[in-house]
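The model shown is predicted, which means the values in this text are computed figures rather than measured ones. Numbers here are sequence positions counted from 1.
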Amino acid sequence: MQSTDLGNKESGKIWHRKPSPATRDGIIVNIIHNTSDYHPKVLRFLNVAFDGTGDCLIAGDHQGNIYVFDLCGNRFNLVQRTAQACTALAFNLRRKSEFLVALADYSVKCFDTVTKELVSWMRGHESSVFSISVHASGKYAITTSSDTAQLWDLDTFQRKRKLNIRQSVGIQKVFFLPLSNTILSCFKDNSIFAWECDTLFCKYQLPAPPESSSISYKVFAVTRDGRILAAGGKSNHLHLWCLEARQLFRIIQMPTKVRAIRHLEFLPDSFDAGSNQVLGVLSQDGIMRFINIQTCKLLFEIGSLDEGISSSVISPHGRYIASILENGSLNIYSVQALTQEINKPPPPLVKVIEDLPKNKLSSSDLKMKVTSGRVQQPAKSRESKIQTRILKQDLTGNFESKKNELPDGLNKKRLQILLKGYGEYPTKYRMFIWRSLLQLPENHTAFSSLIDKGTHVAFLNLQKKYPIKSRKLLRVLQRTLSALAHWSVIFSDTPYLPLLAFPFVKLFQNNQLICFEVIATLIMNWCQHWFEYFPNPPINILSMIENVLAFHDKELLQHYINHDITSQLYAWPLLETVFSEVLTREEWLKLFDNIFSNHPSFLLMTVVAYNICSRAPLLNCNLKDDFEFFFHHQNNLDINVVIRQVYHLMETTPTAIHPDSMLHVFVALTKGQYPVFNQYPKFIVDYQTQERERIRNDELDYLRERQTVEDMQAEVDQQRVEDEAWYQKQELLRKAEETRREMLLQEEERMIQQRQRLAAVKRELKIKEMHLDAVRRRFLKLQQDQREMELRRLDDEIGRKNLTQNQEAVAKEMRADADAYRRKVDLEEHMFHKLIEAGEVQSQKTQKWKEAEGKEFDLRSAKKASALSDASRKWFLKQEINAAVEHADNLCHKVSLNRRAVEWDTSGPNLIKKVRNLRQRLTAQARHRCQTPHLLAT
């Protein structure tokens, strides 16, 4: 097997000699990425994806470096540095050089592998995107997070649709069916829906599986022709659905070693027309087993317990398998090398429980026992190797004692020799060695039952006391502490339990079962007798530490005594935090490599060694605050020196005060169910529990009473507010009534004043009326004088006229008379206007409405005067006509006299009519002028 380290290179060859994968493992090349910085470290690959051809793949690590591996050209290139971890990848877009990457900031970006430039940036998710599915045409893509799925148009990089669901349901996966226009959505409640891509019309929903074989679906896989859906979860059962018939047609039971299925993927074949028959099943043990879903035979497997697989992807043409191992490296397998032994018919390792009839589905038809018995596999597993080695040891009789034998073929003595030589275990195998040293049983069922009890009431408000930035880390810590509290009631009251568990939670946050069992094993063995003085610190343990310190460094202990520093200050902070506050991550891991490899008393000796190695700064401390600061912060201390000192103390401490004489040897957790933990004063815990229950009941009673009092107070406040509002309303009504009374009084006073002014105006009008009568008499006398003067003037004109003039002369005289009359009328009108103006001057001094009445009275008087003048004028004209006729009789003959009489009769009425019209116009003008004051007065 070839191995390639990318290092700091941006491009290079994938392998340096022609790969020749072995039939046993089929590995073409193992790709790792180590940095060559001052502190070298391994950059773990997180995701991998093939392109449409299957000869090229991209992979991203946890620092955001994205590499393209050309398997045909034997080249790799660094195409992008995103500076943040990628959570999903897709490389089968319409434009072959582009790929999609989902990042830790919940965004999705599109990059070009040739230009290495950003093509588009798509945002919209509020949680991490864990899946990207691309349509067969490469035009659309679906990005899926835990709370939503979004459909994107890859031509415009615009979001077309968004699938929102209730938070209680959750999304497992949303993806396109191959070679179709159908979207399949799978939810956490095991409901599966099929949707039309263009219209998002729901085509169908798969029925619920039988209750007897119901599992919580976690992973899914579909054949290339889109006819069969495989679903699995936290069980060793596989469900095969026929999407055309929309029913469950087969249930496959995997071996008993398989307890949970982490990934499913069909292996394509060029000759099966898309109806794939080989299914890859990745289980919790890191081994991916490939089975035939028709014959239910195990064909081959990849991965091992030492180098477990975390995720795997198969190329579209089925030639390569790219797997990311748990150690962060990338393995590329040759399917051709792995399938060379397929033609040898192996006996079935997995078996069909029962094929369902096409007409109905029943739970009894699904159930069938699976035959037991181990079957030889084409490739030898590690377990078979271990058994062979043990058999050889039995034959020779040269094997070590049973207590040094560990699971998975490890030997504790050899590990201790390795640890003393190198100071620590290899980072790559540390977790595996720890699991073997602690002999973790991995009780999935028992742990699940503890987790299913939910969050313990003691840790509901954990984030308030321990505000951890990472929500995932806080959630894992809360679940682990709750599981411990459900396991033993004392842990719900242990105040330092979060400090004790936090470093292990941070280390095993991706595997909560291992985290719980490591902490439980630590408490069972390295925390012996810690809870005998509960709720006080373990005085007996601290006394052991003090005795050892007194034997090896009396001066330091005397310094502690002189400054009143007890073991609760210089030993207990180190124990309750398991040195996580005073050591870095690398130092802490190195220390616990030694702690887990030795007797439980090694932890107590480490506390003494830490104090002895720090004696120089501690002897210079005189204040209690300085000691507290020293044992709660990291110090400039070489952990290798401390570990050597611990081994020295373990060897040189007398048996009488050695802690190993008081602590029993290591005892592993039992398989199946966890042991009962009751190493604590039960009566104190029960008393505290009773007291806590009593306090809780009292608090509930108090809360109920307080709620009742608050309700009563609220009612009283409401009543008081209503009363205040009623009083305010009454006060406003009283003030309004007083205001109205004042207004009425003021109105009455104003009316009295108006009546007084009106009476005064009436008196003034009467006085003015008396003055107007005198003016009227003068006006009538003036008119009479004018008429007399006019009569005298007419007499003079008539006397001068020659009676002997012809008819035209007479007519001229009549016109002259008419003109004279019109002048008289104008003069009358002029006088009338003067009178009106005089009246207006007088009316400005008085009220307008009384003035209008006076003007109307004057107008009526003027009308009477005009009528009298009209009558006198008629009489005068009639006299003139009679005189003219008599005079004409003496001069003209009778015929002409009659004609002239007729003419005078006709012209007289016309003249009178004109005079009347003129008088009417004058009257109308006078009324119009008097109208405005009259209206103002009213």
Within-4.5 Å side-chain heavy-atom neighbours: Cys186 and Phe193: no
Is the count of non-hydrogen atoms from other residues, nucleotides or ligands lying under 6.0 Å from Tyr702 atom OH greater than 12? no
Among Leu151, Ile132, Leu163, which residue satisfies the side chain to side chain contact (heavy atoms under 4.5 Å, CB included) criterion with Ile142? Leu151
Could you tell me if the side chain of Val709 sits less than 4.5 Å from the side chain of Asp711, heavy atoms only? no
Within a radius of less than 6.0 Å around CZ of Arg740, do more than 12 heavy atoms belonging to other residues, nucleotides or ligands occur? no
Does Glu126 reach the side chain of Asp147, with side-chain heavy atoms less than 4.5 Å apart? yes
From Phe130 atom CZ to Thr144 atom OG1, the distance as rounded to the nearest 0.5 Å: 5.5 Å
Taking the side chain as C-beta and beyond, is there a heavy-atom pair between Tyr140 and Val134 under 4.5 Å? no
Can you tell me how far apart CD (Gln707) and CG (Leu700) are? Round to the nearest 0.5 Å. 12.5 Å
Would you list the atom pairs, donor with acceptor, under 3.5 Å between side chains in residues 118-125 and any protein atom, with sequence neighbours excluded?
| residue | atom | partner | partner atom | Å |
| --- | --- | --- | --- | --- |
| Trp121 | NE1 | Ser107 | OG | 3.2 |
| His125 | ND1 | Ser145 | OG | 3.1 |
| His125 | NE2 | Thr143 | OG1 | 2.7 |

Is the shortest heavy-atom distance from the side chain of Ser191 to the side chain of Leu206 under 4.5 Å? no
I want to check something: taking the side chain as every heavy atom from C-beta on, are Lys109 and Leu100 in contact at a cut-off of under 4.5 Å? no
Derivation and outcome, salt bridge (charged side-chain N to carboxylate O under 4.0 Å, His left out), residues Arg159 and Asp153: CA-CA 6 Å; Arg159 184 174 64 191; Asp153 188 345; over 6 Å; no
Could you note down all residue pairs passing side chain to side chain donor-acceptor pair (under 3.5 Å) where residues 741-752 supplies at least one of them, sequence neighbours left out? Glu737-Arg741, Glu747-Arg750
Atom CD of Gln150 and atom NZ of Lys162: how far apart are they, to the nearest 0.5 Å? 5.5 Å
Do Asn181 and His135 have side chains that get closer than 4.5 Å, going by heavy atoms? yes
Using a 3.5 Å cut-off and no angle test, enumerate the donor-acceptor pairs between side-chain atoms of residues 465-476 and protein atoms at least two apart in sequence or in another chain.
| residue | atom | partner | partner atom | Å |
| --- | --- | --- | --- | --- |
| Ser470 | OG | Leu473 | N | 3.3 |
| Lys472 | NZ | Asn510 | OD1 | 2.8 |

Verify the distance criterion only: is there a donor paired with an acceptor across the side chains of Lys453 and Ser482 at less than 3.5 Å? no
Heavy-atom check, side chain of Leu477 versus side chain of Leu462, under 4.5 Å: yes
Evaluate salt bridge (charged side-chain N to carboxylate O under 4.0 Å, His left out) for Asp698 paired with Arg694, printing each intermediate quantity in order. CA-CA 6 Å; Asp698 293 343; Arg694 183 184 61 79; 3.0 Å; yes
